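Fair warning: this is a prediction, and the values are worked out from it, not measured in the lab.
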Amino acid sequence: MPSQKKRPVTLSLADREFLERLTTTGVHPASMIRRARVLLALDTSVGEVDEKKVIAARLGVSGETVRLVAKRFAETSQDVEATIGRKQRDLPPVPSQITGEIEARLIALACTQPPAGHARWSLRLLEKHVALVDDIPDLDHSTIGRILKKETSSSPEKCWTIPPKANAEFAARMEDVLSVYARPPRPLSPGGVYGREALPAPRSRA
């Protein structure tokens, strides 16, 4: 079978039993079970195996999946668990520059009165003002729109304004509330409820 000669898969009895148990018992990620089944189908220790395209059709996967599993088995020095498990990243993930605090500050800005000459905040106007704030990373208007949409479940095209009858105290209270939501959740309470810290005391009007 020429398609199997380049990277043959030969499993030990222990490995084969491990894969068979994994595919028939317990709860495992679908991707792990799929790769385990591919390895079992490619195993030459039990006799001649089918061509990769036949295996792919029988298991309901692509031929590329079969090829990659065989390649990974060889690259991991025939380590079954490393082959079927999640591949480790070569580099650590890059942390997002948009933290909860930054989201809260952006929303607080969108809840203030717009600059003179503007009836309301627009996404592009927010983009220009964010660029002037030193401790907030530069965000384009589309990113700002996604943040506001996530926090409000409204369209990113909908601009934020303070309600007509509100005043500066309203904006101050909103900043207090948003600062609480920027904090990490508290551990599970004895009553079995997750929660955040209590809201701060109202600011003095003085």
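Annotation for Pro115 and His129: closest pair CG-NE2, 3.2 Å, computed over non-hydrogen atoms. The two residues Phe73 and Thr83 come nearest to each other via the heavy atoms CA-OG1, 3.3 Å. Of all heavy-atom pairs between Leu139 and Val130, the closest is N-CG1, 4.1 Å. Closest non-hydrogen pair, Ala70 versus Lys52, comes out as CB-NZ, 4.2 Å. Residues Ile147 and Glu103 share a closest heavy-atom pair of CG2-CG, 3.9 Å. Scanning both residues, Ser45 and Thr10, for their nearest heavy atoms gives CB-CG2, 4.1 Å.
Atom CZ of Arg146 sits about 10.5 Å away from atom CD1 of Ile144, to the nearest 0.5 Å. Between the OG1 atom of Thr112 and the CD1 atom of Ile107 there is a distance of 12.5 Å, given to the nearest 0.5 Å. Atom-to-atom distance recorded for Leu11:CG and Gln78:CD is 8.5 Å, nearest 0.5 angstrom.
Between Arg37 and Ile33, the closest side-chain pair of non-hydrogen atoms falls below 4.5 Å.
Applying the side-chain hydrogen bond (donor to acceptor under 3.5 Å, both in side chains) criterion to Ser31, with sequence neighbours excluded, gives no partner residue. With sequence neighbours excluded, no residue forms a side-chain hydrogen bond (donor to acceptor under 3.5 Å, both in side chains) with Arg34. By the side-chain hydrogen bond (donor to acceptor under 3.5 Å, both in side chains) test, His118 is found to be paired with no residue, residues two or more places apart in sequence or in another chain being considered. Applying the side-chain hydrogen bond (donor to acceptor under 3.5 Å, both in side chains) test to Asp138 and every residue at least two apart in sequence or in another chain returns nothing.
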Steps toward side-chain contact (heavy atoms from CB on, under 4.5 Å) verdict (Val9, Val69)
CA-CA 10 Å; Val9 172; Val69 169; over 6 Å; no
Stepwise, does the side-chain contact (heavy atoms from CB on, under 4.5 Å) test hold for Leu123 with Leu148?
CA-CA 10 Å; Leu123 298 182; Leu148 297 182; 4.1 Å; yes
Kindly determine whether Leu109 and Trp121 satisfy side-chain contact (heavy atoms from CB on, under 4.5 Å), including the steps that lead there.
CA-CA 9 Å; Leu109 173 62; Trp121 284 104; 4.0 Å; yes
For the pair Asp140 and Glu127, evaluate side-chain contact (heavy atoms from CB on, under 4.5 Å) and give the outcome as yes or no after the intermediate values.
CA-CA 6 Å; Asp140 60 52; Glu127 177 183 5; 4.0 Å; yes
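Under the side chain to side chain donor-acceptor pair (under 3.5 Å) criterion, the residue pairs touching residues 12-23 are Ser12-Asp15, Arg16-Glu20, Arg16-Asp43, with sequence neighbours excluded.
Linking Ile, Leu, Val, Met, Phe, Trp and Tyr whenever their side-chain heavy atoms come within less than 4.5 Å leaves Leu68 and Leu40 in two separate clusters.
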For residues 55-65, tabulate all N or O donor-acceptor pairs below 3.5 Å that involve a side-chain atom, not counting sequence neighbours.
| residue | atom | partner | partner atom | Å |
| --- | --- | --- | --- | --- |
| Arg58 | NH1 | Asp50 | OD2 | 2.8 |
| Ser62 | OG | Thr65 | N | 3.1 |
| Ser62 | OG | Thr65 | OG1 | 3.0 |
| Glu64 | OE1 | Arg67 | NE | 3.1 |
| Glu64 | OE2 | Arg67 | NH2 | 2.6 |

